[in-house]
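I have placed the structure first, in the form of structure tokens, so that the comments after it can refer back to it.
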Amino acid sequence: VQLQASGGGLVRAGGSLRLSCTISGSAFSSHVMTWFRQAPGKEREFVAALRWGGARTYYADSVKGRFTISGDKARKTFYLEMNGLKPEDAAIYYCAVGNSYSTSPSPYARWGQGTLVTVSS
């Protein structure tokens with residue numbers, strides 16, 4: 001299983017971006033899709049998660065109401081719609097998949113390469 005993240009870029013504060021994560025490879029069976037982010041000098045932090053079954057979503061408090069995670073199982077792609085971006089949202093965003101939900105990065109077995117989001121003030 002391989003993950004390919006895309007969609008990052010430079011945006012002004014208050015702007016929007018949509019990140020995508022496409023999953024390829026055999027035996028796709030992960031149940032939880034997530035986005036994490038890591039800013040320079042900081043630890044990787046949870047952003048949002050989506051359970052395929054039931055489409056339940058989870059968000060970090062810092063992004064709740066501004067970010068939306070969604071997925072297209074047929075296309076094996078999930079998304080992170082980011083609105084109202086703030087300078088503190090700037091980071092490398094990573095997608096990951098796993099079999100159970102956690103806000104810790106440790107349980108997630110597969111990771112994308114990351115996509116850079118820069119927010120200018």
Side-chain angles (χ1 to χ4, degrees):
V1 175
Q2 294 182 325
L3 282 66
Q4 179 71 42
S6 61
L10 171 63
V11 64
R12 287 188 175 183
S16 300
L17 281 174
R18 187 174 84 155
L19 307 183
S20 299
C21 183
T22 300
I23 305 164
S24 61
S26 61
F28 171 64
S29 62
S30 299
H31 302 294
V32 181
M33 318 291 136
T34 65
W35 289 97
F36 283 78
R37 66 187 182 187
Q38 189 166 17
K42 294 188 176 182
E43 294 187 351
R44 193 166 297 190
E45 66 172 356
F46 170 78
V47 176
L50 167 70
R51 288 187 186 275
W52 282 127
R56 186 170 179 178
T57 57
Y58 308 84
Y59 296 96
D61 288 342
S62 58
V63 307
K64 206 170 289 185
R66 299 187 298 123
F67 290 11
T68 302
I69 188 170
S70 63
D72 185 336
K73 201 169 185 180
R75 298 186 181 212
K76 293 186 180 180
T77 301
F78 60 105
Y79 309 95
L80 185 69
E81 185 77 34
M82 306 186 294
N83 298 312
L85 282 161
K86 305 175 181 180
E88 52 264 41
D89 294 318
I92 298 174
Y93 282 71
Y94 297 91
C95 55
V97 299
N99 292 322
S100 58
Y101 167 65
S102 173
T103 58
S104 168
S106 301
Y108 295 98
R110 303 292 183 182
W111 291 83
Q113 84 287 5
T115 185
L116 178 64
V117 172
T118 305
V119 184
S120 63
S121 57

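Hydrogens, waters and symmetry mates are skipped; everything else that's a heavy atom, side chains included, is used. Remember, predicted model here, so these are calculated numbers, not experimental data.
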> Taking atom types as modelled, is there a side-chain donor on Thr77 or Asp72 under 3.5 Å from an acceptor on the other?
Replying inline: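 Thr77 vs Asp72: no donor-acceptor pair found between side chains.
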> Does a side chain donor of either Tyr93 or Arg37 reach within less than 3.5 Å of an acceptor in the other side chain?
Replying inline: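 Yes.
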> Passes side chain to side chain contact (heavy atoms under 4.5 Å, CB included), Ser104 versus Phe46? Steps please.
Replying inline: CA-CA 7 Å; Ser104 168; Phe46 170 78; over 6 Å; no
Min side-chain heavy-atom separation [X]-[Y] under 4.5 Å:
X	Y	answer
Trp111	Pro105	yes
Ile23	Gln4	no
Arg12	Leu85	no
Phe67	Leu80	yes

Do [X] and [Y] sit in the same hydrophobic cluster, where Ile, Leu, Val, Met, Phe, Trp and Tyr count as joined when their side-chain heavy atoms come under 4.5 Å apart?
X	Y	value
Ile92	Val63	no
Phe36	Val32	yes
Leu3	Leu116	no
Val117	Tyr79	no
Val97	Tyr59	yes

Separation between [atom1] of [X] and [atom2] of [Y], rounded to the nearest 0.5 Å:
X	Y	atom1	atom2	value
Arg18	Ser6	CZ	OG	9.0 Å
Thr68	Met82	OG1	CE	11.0 Å
Cys95	Arg110	SG	CZ	13.0 Å
Cys21	Met33	SG	CE	9.0 Å
Tyr101	Thr57	OH	OG1	9.5 Å
Leu19	Ile69	CG	CD1	10.0 Å

>> Checking His31 against Trp52 for the side chain to side chain contact (heavy atoms under 4.5 Å, CB included) test, could you report, in this order, the C-alpha distance in whole Å, the side-chain angles of both residues, the deciding distance, and whether it holds?
In response: CA-CA 6 Å; His31 302 294; Trp52 282 127; 5.6 Å; no
>> Please evaluate residues Glu45 and Gln38 with respect to the criterion side chain to side chain contact (heavy atoms under 4.5 Å, CB included), reporting the C-alpha separation (whole Å), side-chain torsions for both, the decisive distance (0.1 Å), and the verdict.
In response: CA-CA 6 Å; Glu45 66 172 356; Gln38 189 166 17; over 6 Å; no
>> Checking Arg51 against Tyr58 for the side-chain hydrogen bond (donor to acceptor under 3.5 Å, both in side chains) test, could you report, in this order, the C-alpha distance in whole Å, the side-chain angles of both residues, the deciding distance, and whether it holds?
In response: CA-CA 9 Å; Arg51 288 187 186 275; Tyr58 308 84; 2.8 Å; yes
> Any chance CD of Gln2 has more than 12 other-residue heavy atoms, nucleotides or ligands included, within less than 6.0 Å?
Replying inline: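 No, CD of Gln2 has 12 or fewer neighbouring heavy atoms, counting only those of other groups under 6.0 Å.
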>> Could you report the tightest heavy-atom contact between Ser121 and Pro87, atom names first, then the distance?
In response: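 Of all heavy-atom pairs spanning Ser121 and Pro87, the closest is CB-CG, 3.9 Å.
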> Which pair of non-hydrogen atoms, one from Thr34 and one from Ala49, has the smallest distance, and what is that distance?
Replying inline: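 So the two residues come closest at CG2-CB, 3.6 Å.
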> Is the closest basic N to carboxylate O distance between Lys64 and Asp61 below 4.0 Å?
Replying inline: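 Looking at Asp61 together with Lys64, the answer is yes, because their closest N to O distance falls below 4.0 Å.
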> Under 6.0 Å between the ring centres of Phe78 and Trp35?
Replying inline: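 Centroid separation for Phe78 and Trp35: below 6.0 Å.
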>> Check whether Thr115 reaches the backbone of Gly8 with its side chain - one donor and one acceptor, N or O, closer than 3.5 Å.
In response: yes
